[in-house]
There are 2 protein chains.
Amino acid sequence: MHLANEKPVTAADKTFILLRDDIVEGRIVAGSKLSETELSTKYAVSRAIIREAINRLEACHIVERKANVGARVVALSPQGLIELYQVRESLEGMAARLAAVNMTHEEIDDLMGLLQSHFDEVKDGQSYYQEAGDVDFHYRIILGSKNKHLISMLFDGIYHLVRMYRVQLGMAGPRVTTAYDEHKHIVKAIANRDAELAEMLMRRHIMYSKNSIEAKLS
Amino acid sequence: MHLANEKPVTAADKTFILLRDDIVEGRIVAGSKLSETELSTKYAVSRAIIREAINRLEACHIVERKANVGARVVALSPQGLIELYQVRESLEGMAARLAAVNMTHEEIDDLMGLLQSHFDEVKDGQSYYQEAGDVDFHYRIILGSKNKHLISMLFDGIYHLVRMYRVQLGMAGPRVTTAYDEHKHIVKAIANRDAELAEMLMRRHIMYSKNSIEAKLS
DNA sequence: AGACCACATATTGTCGACAAAATAGTTTGT
DNA sequence: ACAAACTATTTTGTCGACAATATGTGGTCT
């Protein structure tokens, strides 16, 4: 899934996105070494481009690099996933808090509409309430915070890592049924401009999600 | 101030740190354009090195870059500072929460010792309880969270930006007298392994700090 | 046999040159 | 005089080659 604000114009941009998606979607396996020359032939660009792409991936914590040795895709561990969710709980909680203050009425209406369409799908037994819908929901609240740093940290960093874990550890989408109610309550809190409650509900929502994933791991 | 874990080995590392500090300390003014050729002569390295340094600074949100146009140091605004503190409140609150669970007894003892030495200095009227001490305090709690993402986001990203604001907007160190009590209460909560309280106190501590800075701005 | 050293190989780091794009300046037309 | 188009210049993006560092191999000595 590509975020809207990513418009790759330069070759380095495109290669960065290609390489990132190849890693996140598991076509390049976690923990493997990234050879610059190898990748430069694979993507048909110069080594300089590959180096820039790897540097950006390092900033996202998707790869780790040691000087004069090389870069590896990060290794996945249950501990790492837990740490990721701790950060997510913290940041998205604040995002919900800020969204309750900063979202416009139109944005809130749109969000309610989105939720309603999810509800219809679930009711129809399509059970299409998969990752895409969940991401879209969180996406809007994060944007609704209107906080640049928050938005960038979550979209450019955390979310790709979370997806990488989901894909490579073979988790399906998030919990379907209960999550809908949680989403509904969060939106209600935002609509009521109850920042405190919105943050608390979002944090609990993410904690539940984390627990659900932890349970599947063990 | 250099963080301990930064060991610049390659020329790009060194240039990155030099350039970053020149920006953060205000020797390169906020909002100004960064010419690659100009910088390459200034730091006596090739353009490739400068490009890598600028790329890393972009990842830290210290510079913004537009494709085929160039990079500028970010512009400072009161709104930007507020957003920064919102993120800080969120992340450091979580750090304090985790520190209450994950810090060892030794680390907590060290932290108490640090606090005591600060108290002595303040009591002696040295009033040396300046930024260095404050940063050191927060530094240890963040490390105490044992959460890699949290640590990296705060040290590599937020803290340099916060310092950049402090320097360029001409703020002295943080509030001296009251901050000591707040620090003391936070440490006490951590020592009691009261994660909930530690987070709440840390968030309030940072909110106060933000309010104090906002007051100076207006 | 195991440890240490020297050499060969491969990979990363750095550089200068060329290509492409944007900006600035000049000319031309009305 | 103003605007538009074209040219020139500057700046960024990309590339291939060279230098420096790390890794792997073979040999020698104890």
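Chain letters run A, B, ... following the sequence lines, proteins first, then strands; residues in each count from 1. Hydrogens, waters and symmetry mates are skipped; everything else that's a heavy atom, side chains included, is used.
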Taking the side chain as every heavy atom from C-beta outward, state whether Leu81(A) and Leu76(A) have any pair of such atoms under 4.5 Å apart. no

Heavy-atom nearest nucleotide on DNA chain D taken for Ser46(A) and for Ser35(B); more 5' hit belongs to Ser35(B)

Query raised in the report: Which part of the nucleic acid, if any, lies within reach of Leu34(A) when heavy atoms closer than 4.0 Å are counted: base, sugar-phosphate only, or nothing?
Result: sugar-phosphate

Inset, instruction - Assign Ala48(A) to base, sugar-phosphate, or nothing according to its heavy-atom contacts below 4.0 angstrom with the strands shown. - result: base

To the nearest Å, how far apart are [X] [atom1] and [N] [atom2]?
X: Lys66(B); N: dG13(D); atom1: NZ; atom2: P; value: 13 Å
X: Tyr43(A); N: dT14(D); atom1: OH; atom2: P; value: 16 Å
X: Ile54(A); N: dG13(C); atom1: CD1; atom2: C1'; value: 13 Å
X: Leu39(B); N: dT11(D); atom1: CG; atom2: C1'; value: 13 Å
X: Glu52(A); N: dG13(C); atom1: CD; atom2: P; value: 15 Å
X: Phe16(A); N: dT14(D); atom1: CZ; atom2: P; value: 14 Å
X: Ile49(A); N: dA19(C); atom1: CD1; atom2: P; value: 16 Å
X: Asn68(B); N: dT9(D); atom1: CG; atom2: P; value: 21 Å

Under 4.0 Å between a Lys/Arg side-chain N and an Asp/Glu carboxylate O for [X] and [Y]?
X: Arg72(B); Y: Glu64(B); result: no
X: Lys210(B); Y: Glu92(B); result: no
X: Lys148(B); Y: Glu83(A); result: no

So does Gly144(A) get a backbone contact from the side chain of Asn102(A), meaning a donor-acceptor N/O pair under 3.5 Å? no

- With respect to the phosphate group of dT14(C), does any side-chain polar atom (N or O) of Thr10(B) fall under 4.0 Å of OP1 or OP2? yes

Q: Please determine if a side-chain N or O atom of Lys33(A) lies less than 4.0 Å away from the OP1 or OP2 oxygen of dT12(C).
A: yes

Closest to the 5' end of DNA chain C, once Val69(B) and Arg47(A) are matched to their nearest nucleotides, is Arg47(A)

